[in-house]
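I have placed the structure first, in the form of structure tokens, so that the comments after it can refer back to it.
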Amino acid sequence: MPNARWSLAAAVATMVVWGLNFPFVKHVLGQIGVGAFLFLRFAVLPLLGLLLLAIVFRGRLARTFPKREDLPRFVLCAIVGHAVHIAAVMAGMNLSTAFSSSLVLMSGPLFTLIILAALGAERLAKQQVAGTLVACAGIALFLSDKFTGGRITAGYGDLLLILAALCFSLYTVLAQPLTKRYGPLIVLSWTLLFSAPPILLVSLPWFVQLDTARLTPLVWLGLVWALVLSSFLGWLAWGWVNAVRGVARSAPFNYLMPPIAGLSAWLTLGEHFTWLKLAGAAVTMAGVAWAQFGSGRPPPKEAAQPDSA
């Protein structure tokens, strides 16, 4: 099964790119701010999507437009998966650290399981419920390191990242049937386009104040990595992985992000990790893994692909 092998490679590569993206974005946000970054992201990515659509569907671009019955789901995916999710991620990362951001966002599989259970596509076993509770305790322990240490602002950033993880899981489930019908490129491109206008309008004042002449080569490299490799190609690859492997089978790859992000942040940003933070991270990852595999085997692929929201 060539697609299965390629989807495994694509999933691992996506996690590596996303893991390295955390220190890149943290550096860029420190130089240009959240507002300007959001403007650049929502100005560049929809254009990349439309350009690639025009290349792939030469002379047939109009045929890629969502059907009337699917349009509400496309718009909902745009709002939840791009506008709210990305705004919460950027605001949270700006207040938190690269490693914390990656760990908190890794809680996404918990929300994916809960959403699938709520839709009736998955029945949670007792072990999965127990794993979810353990993961929540780990996140609470992880956050306590900041709140008890007086870094309340960073703790609030992690709370925003929990909201972002919920939005990403909801987007993953909502977009999956669309991806099967239209393909990942069409879904990503049109949801990016639908999400752009409100974000561009809100973030324009910050972008106008940005002095691009003062940006260093490292900032430009971080922008290319974050916008092209991570946000566009990464999301495109992740949509295809979900379509091939199923949502529930893809979610465990998120466990790779925190170690990659933590190591790269330690090497590049000089982040330090307390024992309490490491303990909370270990408990969280163990709980997420227990919840994901608590049923003893991955759920059937069909059950991971609900066809209605």
Side-chain angles (χ1 to χ4, degrees), residues 14 17-18 21-22 24-56 61 64-66 71-96 101 105 108 157 160-161 163-172 174-175 178-179 182 184-212 215 219-239:
T14 301
V17 170
W18 282 355
N21 190 54
F22 286 96
F24 267 126
V25 171
K26 185 67 180 176
H27 177 72
V28 172
L29 290 176
Q31 300 298 313
I32 70 175
V34 175
F37 185 91
L38 285 174
F39 185 91
L40 288 170
R41 186 188 189 282
F42 284 89
V44 171
L45 264 63
L47 294 180
L48 287 177
L50 286 178
L51 177 61
L52 191 54
L53 274 181
I55 294 174
V56 174
L61 183 60
T64 67
F65 192 79
L71 193 56
R73 185 183 283 259
F74 268 89
V75 174
L76 184 59
C77 286
I79 295 172
V80 173
H82 295 292
V84 179
H85 167 244
I86 296 302
V89 167
M90 293 303 111
M93 287 187 65
N94 190 51
L95 297 174
S96 187
S101 301
L105 290 175
L160 281 173
L161 291 165
L163 171 63
L166 171 61
C167 290
F168 183 71
S169 293
L170 185 57
Y171 169 85
T172 299
L174 286 172
L178 296 179
T179 303
Y182 292 87
L185 175 58
I186 293 177
V187 172
L188 177 62
S189 298
W190 286 111
T191 53
L192 280 172
L193 187 64
F194 294 153
S195 68
I199 297 295
L200 291 176
L201 183 63
V202 172
S203 61
L204 179 60
W206 284 278
F207 176 74
V208 172
Q209 299 173 14
L210 178 64
D211 184 5
T212 56
L215 301 184
V219 172
W220 286 112
L221 175 61
L223 285 171
V224 172
W225 186 282
L227 299 181
V228 179
L229 289 180
S230 180
S231 296
F232 185 71
L233 296 180
W235 277 59
L236 189 61
W238 190 245

Checklist entry - Of all residues at least two apart in sequence or in a different chain, which pass the ring-ring contact (aromatic ring centres under 6.0 Å, His included) check with H85? => result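 Scan of H85 (ring-ring contact (aromatic ring centres under 6.0 Å, His included), adjacent residues dropped) gives F168, W235.
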
Item to check | ring-ring contact (aromatic ring centres under 6.0 Å, His included) involving F74 - partner list, sequence neighbours excluded | outcome: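 For F74, the residues satisfying ring-ring contact (aromatic ring centres under 6.0 Å, His included) (neighbours in sequence not counted) are Y182.
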
Nearest-0.5 Å distance, [atom1] of residue [X] to [atom2] of residue [Y]:
| X | Y | atom1 | atom2 | value |
| --- | --- | --- | --- | --- |
| L178 | L188 | CG | CG | 12.0 Å |
| L227 | N21 | CG | CG | 9.0 Å |
| I199 | L204 | CD1 | CG | 12.5 Å |
| M90 | L160 | CE | CG | 12.0 Å |

Checklist entry - Can you list the residues that meet the side-chain contact (heavy atoms from CB on, under 4.5 Å) rule with A175, with sequence neighbours excluded? => result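 If we apply the side-chain contact (heavy atoms from CB on, under 4.5 Å) test to A175, skipping adjacent residues, the hits are C77, Y171, T179, V187.
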
Item to check | Contacts of L221 that satisfy side-chain contact (heavy atoms from CB on, under 4.5 Å) - sequence neighbours left out | outcome: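 Expected list: F24, L218.
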
Item to check | Side-chain donor-acceptor contact under 3.5 Å, S230 with W225 | outcome: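 Note: S230 and W225 side chains miss the donor-acceptor criterion.
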
Checklist entry - Looking at residues at least two apart in the chain, or sitting in another chain, which of them share a side-chain hydrogen bond (donor to acceptor under 3.5 Å, both in side chains) with W238? => result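 By the side-chain hydrogen bond (donor to acceptor under 3.5 Å, both in side chains) rule, W238 matches no residue at all.
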
Checklist entry - Within a strict 4.5 Å, meaning less than it, do heavy atoms of the V84 and V80 side chains meet? => result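 Counting from C-beta outward, V84 and V80 never come under 4.5 Å.
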
Checklist entry - Counting N and O atoms only, with roles assigned by atom type, does the side chain of T64 sit under 3.5 Å from a partner on the main chain of L61, one being a donor and the other an acceptor? => result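 Checking the backbone N and O of L61 against the side chain of T64, a donor-acceptor pair under 3.5 Å is found.
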
Item to check | Pairs meeting criterion side chain to side chain donor-acceptor pair (under 3.5 Å) with involvement of residues 45-56, two or more places apart | outcome: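 Residue pairs with at least one partner in residues 45-56: there are none.
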
With a cut-off of 3.5 Å and sequence neighbours excluded, list every side-chain donor-acceptor pair involving residues 30-56.
residue	atom	partner	partner atom	Å
R41	NE	S231	OG	3.4

Checklist entry - Where do L161 and S96 land on the side chain to side chain contact (heavy atoms under 4.5 Å, CB included) test, with the steps shown first? => result CA-CA 9 Å; L161 291 165; S96 187; 4.2 Å; yes

